[in-house]
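In listed order, ligands and their atoms are each counted from 1.
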Amino acid sequence: MTQTDILVTGSTGKTGRRVTESLRARGASVRAAGRSARVRFDWNDESTWEPALTGVRAAYLVDRQDQPGAWDAEAEIGALAKRAVECGVRRLVLLQARTTGLVGGKDLGAGEHGVRESGAEWTVLRPNWFFQNFDEGVLLDSVRAGEIRLPTGDGQEPFVDAGDVADVATAALLDDGHDGQVYDLSGARALTLAEAADEISAAAGRAVTYVPVTHDDYVTELLSYDVPADYAGFVADLAGQIRRNLNSTPTDTVERVLGRPPRGFTDFVRDAVARGTWAV
Ligand SMILES: NC(=O)c1ccc[n+]([C@@H]2O[C@H](COP(=O)([O-])OP(=O)(O)OC[C@H]3O[C@@H](n4cnc5c(N)ncnc54)[C@H](OP(=O)(O)O)[C@@H]3O)[C@@H](O)[C@H]2O)c1
């Protein structure tokens, strides 16, 4: 692409932040957008869409899943993709998730139709669970507390580094050859939550234990922390995908796209310990 102005939505999030860095490292000019960014972008406020989209050549789209009951991915992403093309955006890279079947009663792949049918060049990224759930996201407090309670049983997940996802997104935004591709992105090794906890425990030098809980008990726990019911069910269902080993086979996509192997979990853990992330 000759013009390299790229819109990054979700630019404060785990991948968006890294996509912004990775694009800038390659010399691209980035419009980093978000609800509190200088360039405002809010899925709930359509008046923010056009100013964010106008004048960019490509866009990285991160959807939102904080209110799964109210989120109609197909309609919302479809509407945004249509608006993007009307605004002159030529390439769309959509972040989704690697899931199988319904999650919280929903097909999480439904949002993909919007970019596929937009008329723009498109790439869909479907990563497994990120390493960064352990040090930035939903599992951070549990790791610090020394107890990861999840309904994942002894199912395995080939966790992936958000930095690898960002590098693949950057390639899809800047380089040719990714149009019409759906990339399932995983790390090289599938781990149970107990194995992940053991690695963290050994590297951090203190006990971090995985405690298996049932789906229903997990939902009840989340509700007791005032998590909305639809979100609690959604997260429990996502964990159930791990329990049932639905997405547990590692893929070679990161290496195929980037020409290097994905980052390993051990390296991620070593770095997080060195940063003092889990120190209490
Ligand atoms: N976490 C994982 O393991 C994982 C694995 C596979 C796929 N994914 C996918 O990654 C996506 C984001 O998840 P994440 O874990 O990366 O979350 P995250 O780090 O919390 O990032 C979410 C981003 O979305 C933005 N956002 C939230 N509500 C918004 C709204 N109404 N309008 C505009 N932007 C909004 C947030 O920005 P502001 O709050 O600054 O506005 C933030 O930058 C989801 O689609 C999820 O399916 C996640």
Query raised in the report: So do the side chains of Arg26 and Leu23 get within less than 4.5 Å of each other, counting heavy atoms only?
Result: no

Query raised in the report: Are Arg91 and Asp179 close enough, and set up right, to give a salt bridge (Lys or Arg N to Asp or Glu O under 4.0 Å), and what steps lead you there?
Result: CA-CA 8 Å; Arg91 183 174 285 181; Asp179 180 25; over 6 Å; no

Report task. Closest by any non-hydrogen atom to atom 48 (C) of ligand 1: pick that one out of Trp43, Phe41, Phe130, Trp129. Result -> Phe130

Query raised in the report: Nearest heavy atom to atom 11 (C) of ligand 1: which of Leu95, Leu61, Thr9 does it belong to?
Result: Leu95

Report task. Of all the heavy-atom pairs spanning Thr266 and Arg189, show the shortest one and how long it is. Result -> OG1-NH2, 3.4 Å

Report task. Run the numbers for me: atoms of ligand 1, each under 4.0 Å from some heavy atom of Asp63, listed by number. Result -> 44 (C), 45 (O)

Report task. Check whether any side-chain N or O of Asp252 sits under 3.5 Å from a backbone N or O of Glu255 as a donor-acceptor pair, and report yes or no. Result -> no

Report summary line: The side chain to side chain donor-acceptor pair (under 3.5 Å) partners of Gln156 (sequence neighbours excluded) come to none

Requested in this report: Determine, using ring centers only, whether Phe159 and Phe134 are less than 6.0 Å apart.
Outcome: yes

Query raised in the report: Which is closest to atom 7 (C) of ligand 1 by heavy-atom distance: Arg64, Arg40, Arg35, Gln96?
Result: Gln96

Query raised in the report: What part of Val62, side chain, backbone, both or neither, has a heavy atom within less than 4.0 angstrom of ligand 1?
Result: side chain

**Report entry** Atoms in ligand 1 with a heavy atom of Thr12 nearer than 4.0 Å
**Finding:** 36 (C), 37 (O), 38 (P), 40 (O), 42 (C), 43 (O)

Report task. Check Asp42 against ligand 1 and report side chain, backbone, both or neither, counting heavy atoms closer than 4.0 Å. Result -> both

Query - Interfacing atoms of ligand 1 (cut-off 4.0 Å, heavy-atom, Ala97) - result: 6 (C), 7 (C), 47 (O)

Query raised in the report: Between the side chains of Thr15 and Tyr60, is a donor N or O closer than 3.5 angstrom to an acceptor N or O?
Result: yes

**Report entry** Any protein heavy atom nearer than 4.0 Å to atom 38 (P) of ligand 1
**Finding:** yes

Query raised in the report: Quick one: nearest non-hydrogen protein atom to atom 1 (N) of ligand 1, plus distance?
Result: Asn133 OD1, 3.0 Å

